[in-house]
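Below is one structure, written out as structure tokens, with a few remarks after it.
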Amino acid sequence: MNQTKKVTLITGANKGIGFEIAKQVGEHGHHVLVGSRDEKRGAEAVKQLLDLEIEADFIQIDVTNKESINKAAELIKEKYGYLTALINNAGISLDKFIVPSKLDTEIIRQDFDVNFFGLVDTTQAMLPLLKKSTKAKIINMSSMMGSLNMAATPESEVYHASVVGYQASKAAVNMFTIKLAKELEDLKETTITVNAVDPGMVATEFGGVDPEFSRSHGGKPVEEGAKRAVELAVNDDTSNATFSNAEGVVAW
Ligand SMILES: NC(=O)c1ccc[n+]([C@@H]2O[C@H](COP(=O)([O-])OP(=O)(O)OC[C@H]3O[C@@H](n4cnc5c(N)ncnc54)[C@H](OP(=O)(O)O)[C@@H]3O)[C@@H](O)[C@H]2O)c1
């Protein structure tokens, strides 16, 4: 494929914010690779995008399975040869508001397997493909719930939230974002920026919640939740090592 075509991989793109990001990035002319751990759900999402005349392909990727990640990277290498952007969106929260003193470490571990270790494994596997572009972007879907600053600030909207496995996994994502961004600043042949994004509270099925319930409690439409990640992906933006949402900077 001609390198002028932008090729963007989004993990967990079969539904929710990930699907909306795929749609909007596709509307900006990117060829979208719809990452989904489930083939049927992924194929259905791709069909919906093709119906909208968006260039899209399905990529099977379970971020907790290194074999699946490596196969995805191999396939992208063979078929496209490079990646312009990686949007690490796949995420879960299994905490069910259990207080920190009682939350089973097995639940915390599962949150970390997807949200942190899965994101790190995927990023490391896709880096050689991102390095094949002259300019590339890594966008990590974090959350204001992962902000240590906000968790400790009584006036913040997440001060009373208690999903510590999820929150700690997103705080870890934020640290990985900063450290990788700094490491990649030394690259000579290419520019790769790394940024973390907070979508805000969005009405999806996230955490097993009914989107209608979330909407009635202030959850935003997915179009708004996707906004900041899409801006970073499609604009000629040089932000690096930042944490932001549609309103501006989010405190780490
Ligand atoms: N919704 C919010 O209010 C909110 C707020 C802050 C941050 N976020 C973040 O935004 C991102 C997207 O959330 P969402 O609201 O769109 O949730 P969602 O509708 O539940 O979508 C989550 C996506 O992640 C995928 N996924 C889960 N485990 C995976 C795995 N092991 N490998 C690959 N994909 C996997 C899911 O696939 P399946 O369909 O196969 O389960 C689904 O496609 C997450 O990182 C979340 O933490 C959301």
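Note that ligands are numbered from 1 as they come in the structure, with each ligand's atoms numbered from 1 the same way.
Around atom 26 (N) of ligand 1, the closest heavy atom drawn from Ala90, Ala226, Pro199 belongs to Ala90. The closest non-hydrogen atom to atom 14 (P) of ligand 1, taken over Thr204, Val173, Asn14, comes from Thr204. Residue Gly91 holds the heavy atom nearest to atom 22 (C) of ligand 1 of all those in Gly91, Ala45, Gly16. Residue Gly200 holds the heavy atom nearest to atom 5 (C) of ligand 1 of all those in Ser169, Gly200, Ser143, Gly35.
Here the side chain of Lys170 pairs a donor or acceptor atom with the backbone of Met141 at under 3.5 angstrom. In this structure a side-chain-to-backbone donor-acceptor pair under 3.5 Å is missing from Glu20 to Val222. Put simply, the side chain of Thr190 gets close to the backbone of Ser133: a donor and an acceptor are under 3.5 Å apart. Side-chain atoms of Lys6 do not come within 3.5 Å of backbone N or O of Ala233 as any donor-acceptor pair.
Between the side chains of Glu185 and Asn240, at least one donor-acceptor pair of N or O atoms lies under 3.5 Å. The closest side-chain donor-acceptor pair between Ser142 and Asn140, if any, does not fall under 3.5 angstrom. Side-chain atoms of Ser68 and Asp62 form no donor-acceptor pair, as typed in the model, at a separation below 3.5 Å.
The nearest protein atom to atom 48 (C) of ligand 1, hydrogens excluded, is given as Ile17 CD1, 3.8 Å; this is a heavy-atom distance. The protein heavy atom nearest to atom 9 (C) of ligand 1 is Met141 CG, 3.7 Å. If you check which protein heavy atom lies closest to atom 12 (C) of ligand 1, you get Asn89 OD1, 3.2 Å. For atom 3 (O) of ligand 1, the closest non-hydrogen atom on the protein side is Val202 N, 2.8 Å. Atom 17 (O) of ligand 1 has Phe206 CD1, 3.2 Å as its closest protein atom, hydrogens excluded (heavy atom only). Closest to atom 47 (O) of ligand 1, if we only count protein heavy atoms, is Tyr166 OH, 2.7 Å. The protein heavy-atom contact nearest to atom 31 (N) of ligand 1 is Asp62 OD1, 3.0 Å. Protein heavy atom nearest atom 18 (P) of ligand 1, with residue, atom name and distance: Lys15 CE, 3.9 Å.
The two residues Lys220 and Gly200 make their nearest non-hydrogen contact at NZ-CA, 3.8 Å. Annotation for Ile10 and Val32: closest pair CD1-CG1, 4.1 Å, computed over non-hydrogen atoms.
Under the 4.5 Å side-chain heavy-atom criterion for Ile, Leu, Val, Met, Phe, Trp and Tyr, Ile192 and Leu33 are members of the same hydrophobic cluster.
Near Met201, the atoms of ligand 1 lying under 4.0 angstrom from a non-hydrogen atom of the residue are 3 (O). Listed by atom number, the atoms of ligand 1 under 4.0 Å from Ile92 heavy atoms are 27 (C), 28 (N).
The shortest distance between side-chain heavy atoms of Leu127 and Leu184 falls below 4.5 Å.
Considering backbone and side-chain N/O atoms, Val63 comes within less than 3.5 Å of an N/O atom of ligand 1. The shortest N or O to N or O distance between Gly18 and ligand 1 is not under 3.5 Å. In terms of N/O distances under 3.5 Å, ligand 1 is approached by Gly12.
If you look at Met144 next to ligand 1, there are no close heavy atoms at all, none under 4.0 Å. If you look at Ser142 next to ligand 1, the close heavy atoms, those under 4.0 Å, all belong to the backbone. No part of Phe19 comes within 4.0 Å of ligand 1, judged by heavy-atom distances. Counting heavy atoms closer than 4.0 Å to ligand 1, residue Ile61 contributes backbone atoms (N, CA, C, O) but none from C-beta onward. Residue-level proximity to ligand 1 for Met145 is absent, since no heavy atom of it falls below 4.0 angstrom.
Ligand 1 is never approached by Asp38 to a heavy-atom distance shorter than 4.0 Å. Heavy atoms of Lys170 approach ligand 1 to within less than 4.0 angstrom.
For Tyr166 and Phe206, the gap between ring centers is short of 6.0 Å.
In this pair, Phe117 and Phe112 present their aromatic rings tilted. The plane angle is within the 30 to 60° band.
For the side-chain hydrogen bond (donor to acceptor under 3.5 Å, both in side chains) test with Asn88, the passing option among Thr123, Thr122, Thr177 is Thr123; the others fail.
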